[in-house]
Amino acid sequence: MALVLTDEQTMLRDTTRSFLGKNAPISHLRQLRDSRDPIGFSQPLWKEFADNGWAGILVPENHGGLGLGYVEAGVVMEELGHTLTPSPFFASAVVAATAISRAGSDAQKSAYLRKIAAGDLIATLAIDESPKHRPANSAMSAKRSAGGFILEGSKSYVVDGHVADLFVVAGRTAGSASDTKGITLFLVDSKAKGVRAERTSTVDSHNAARIAFDKTPVAADHVLGEIDNGWKPLDGTLNAGRAALASEMLGAGDEAFGRTVNYLKERKQFGKLIGEFQALQHRAAALYCELEVTRSAVLKALQTLDESFDGAGPIVAVAKAKAGQSATLAAQEGIQMHGGIGMTDEFDIGFFLKRVRVCQELFGDANFQADRIARLSRY
Amino acid sequence: MSDLEAFRKETRAWLEANCPPEMRKPSRGEEDTCWGGRKWKFQSDAQRLWMQRMGERGWTVPEWPREYGGGGLSRDEAKILREEMRKLGCRSPLDSFGIWMLGPALLKYGHEEQKREHLPKIARGEIRWCQGYSEPGSGSDLASLQTRAEDKGDHYIVNGSKIWTSYADKADWIFCLVRTDPKAPKHEGISFVLFDMESPGVSTAPITLISGSSPFCQTFFEDVLVPKSNLVGSLNKGWDVAKFLLTHERDMIGGMGTNSGGESRSLGQIATESVGLDNGVLADTNLRGQIAALEIDAWAFRLTMDRVGDLVKTGKINPAASSLLKYYGTELNKRRMELVMAAGGFDALEWDGEHSHEGRNARAWLRSKANSIEGGTSEVQLNIIAKRLLNLPGV
């Protein structure tokens, strides 16, 4: 498949771009932050987003979605990266929708997917337990009980955790930490007994939470996929999330870069536009190359998820690693080339640095992805 | 069956019947490359047969028009041909600067007689070309070149010297930038001419590189007579031809980013052999991280070459994109070769002998340093990107 967007995908990009540009530019994030908004995103905006069909991009048509693919989801994520708009799109419409539509029973799909697509239910993945993303190390206890399982333990950095209605939780039903065998996925209602969410205030002013499960009972029919064999759907779901985050970072990096290049064409020092200085020209040009190379990897990763989902792991790792590096560089260079004003809270460029730092950590940073590549090549 | 599927089937059958078995063994790189030309000594009958058979069919230059010795294939057909050749392991039948650089320039700027005269000989491997661009005083500032071509009525008289002329001592003809108007601004007094390297007054002297090999020469012109019919494009408009041709050269050199320099083992394999594994991962964890980072960039770069190719098809691409490929590909290749050396350790330091394949890795490492200099330095590429793709202000 050609590594270019189709006409339909380009149209989706343009519509999302104009919608977000009009309704949720960076000032929107700033306003949510400054007002310490208890929800952390705009519910009316999310409703409108869903009404446009975008929350259902990955939901099959028979469950009320658009039945589109990861390229389309990535297009939307990239635009969200340009505006840094907080929304449940990533957690609910990409990650949770992937987990449920790929691993769920018919009853589970019917119960949740239509609501996710409509934006009426927010679902999210609760996976991490340590400061670095190490999914195979999930140790949270899931003990068998009369009617199903009892969950005990806690999860950290659960995106949109304090506003979620439903958690996809990875628990350990066999084996020990670092075994991929013995992990089971559970669908847990946020109102279930013993579930406590503590919102985490984060550097990027986007949502995250610590979720504690205190002897939370989960019925047997709320197991997502097979008992002890949750790794495969979990890994696939994480890959979908990684590609989506790579898209978001590409958008954020591109935006920070574009703003920086514009600044180079406006700011004068020593009686010249600073963009005339070769020291800055070369750094801008090298950064441009990094972002273009990243774009190729990200698009290929999204296309591969659509064409052969289970084989997408390696290219997704490449895309997430490359996007993490390039977007970080774009944000860092953005601050440096803006000089003093880039350090002020009043100016927007710092928001990109903050958000990219979070996207790097989520679902594994560039080092984590590089390790996966090395392992796959057996060195 | 669609036309393309039928074409694929026919192509595979023809290749199977016509590509000699020896030409299906992996190429060892430079030493197995067929360059053609009047002075060429074929490595084997198989090499000669393969070049001739492909040349007769026009498949040495599959997308050139048939009337100029090409295969007349569409882009999709040419892609199928490349894919089928790769599947069978067929070597390239012929490589040359005529194919990569002069041919595309002649197709765009040459007049009918020039196309009919020169293109079929390139396609059939009969004439080998070299490029006369850089001069001792004109490297990155190529447009400052001083080699003069004086108007003598029906011909020019060329005097001056070129440097870094690849394989000038083995080439039959040269395409050359000369100054035809010394009074005009530097970009506007340059013309693009062709002449036979056997013309009286042409001499060459090879230059030995740090890698020990001599792919380049300095070339001297003393009162060389060049017929006016050998001017390509308009008088004093040679810079346009030069720029067009440079983008082709950049694509060619940029493609080296994925080149292994004849080493068939991956970096991971080389490092595993030299430092060993510890619990399934390389015992040198720093080296491991560097290799993985390189492989990630290399993969993303290969995809970028594909994507640029796809964008070319849609027409939505700035020609300066070739500077991106040249810059990134060559810097990547230098990084790769540094890692080949680091992974290889003492083994990679050997200069001669069978154990090291005549110092293959050390020589390839040293040769790679030229990648980001030849065809426009990395710094020149960044200038072009800053100016033409980012529209940054400048001098």
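Naming convention: chains lettered A, B, ... in sequence-line order (proteins, then strands); numbering from 1 in each chain.
- Side chains of Glu290(A) and Tyr328(B): a donor-acceptor N/O pair is present below 3.5 angstrom, by distance only.
- Side-chain contact check for Gln278(A) and Asn383(B): at least one donor-acceptor pair (N or O, by modelled atom type) lies under 3.5 Å.
- Interface remark: Leu277(B) contributes side-chain atoms only to the contact with chain A (heavy atom separation under 4.5 Å).
- At a threshold of 4.5 Å between non-hydrogen side-chain atoms, the residues Arg307(B) and Glu292(A) count as touching.
- In terms of heavy-atom pairs under 4.5 angstrom with chain A, the leader among Ile385(B), Leu267(B), Val281(B), Leu392(B) is Leu392(B).
- Counting heavy atoms of neighbouring residues, nucleotides and ligands inside a 6.0 Å radius, atom CD of Glu83(B) exceeds 12 of them.
- To the nearest 0.5 Å, atom CG of residue Leu264(A) and atom CG of residue Asn391(B) are 12.5 Å apart.
- Contact of Arg372(A) with chain B is not made at all, since no heavy-atom distance falls under 4.5 Å.
- Leu382(B) and Ala286(A) make their closest contact through CD2-N, 3.7 Å (heavy atoms, listed as atom of the first residue, atom of the second, distance).
- Comparing Gly268(B), Ala300(B), Ala386(B), Ala283(B) by how many heavy-atom pairs each has under 4.5 Å with chain A, the most go to Ala300(B).
- Leu303(B) has its side chain within reach of Ile315(A): a pair of non-hydrogen atoms, C-beta onward, lies under 4.5 Å apart.
- If you measure heavy-atom distances from Glu331(B) to chain A, you find no contacts under 4.5 Å at all.
- When heavy atoms are compared at a cutoff of 4.5 Å, Leu389(B) approaches chain A solely by way of its side chain, counted from C-beta outward.
- The shortest distance between side-chain heavy atoms of Leu390(B) and Phe257(A) falls below 4.5 Å.
- Heavy atoms only, all atoms of each residue included: Glu295(B) and Ser377(A) are closest at OE1-OG, 4.1 Å.
- The main-chain N or O of Gly394(B) is never found under 3.5 Å from a side-chain atom of Gln281(A) such that the two would form a donor-acceptor pair.
- Note on Arg378(A), Gln369(A), Arg375(A): by heavy-atom pairs under 4.5 Å with chain B, the leading option is Arg375(A).
- Taking chain A as the reference chain and counting heavy-atom pairs below 4.5 Å, the highest number among Asp306(B), Thr272(B), Asp297(B) is found for Asp297(B).
- Residue Arg295(A) holds its CZ atom at 11.0 Å from OG1 of Thr304(B), rounded to the nearest 0.5 Å.
- Contacts between Arg283(A) and chain B at a heavy-atom distance below 4.5 Å are absent for every atom of the residue.
- Remark: Lys79(B) NZ is loosely packed, at most 12 non-hydrogen atoms of other residues, nucleotides or ligands lying under 6.0 Å away.
- Without hydrogens or angle criteria, Asp310(B) side chain to Val4(A) main chain gives no donor-acceptor distance under 3.5 Å.
- Listed options Ala317(A), Pro314(A), Gly258(A), Ala319(A) were ranked by heavy-atom pairs under 4.5 angstrom with chain B; first place goes to Pro314(A).
- The environment of Lys87(B) atom NZ is dense: over 12 non-hydrogen atoms of other residues, nucleotides or ligands sit within 6.0 angstrom.
- Between Ala374(A) and Arg288(B), the closest heavy-atom pair is CB-NH2, 3.5 Å.
- Heavy atoms closer than 4.5 Å to chain B are found in both the backbone and the side chain of Asp371(A).
- In this structure, CD in Gln381(B) is found 9.5 Å from SG in Cys289(A), a value given to the nearest 0.5 Å.
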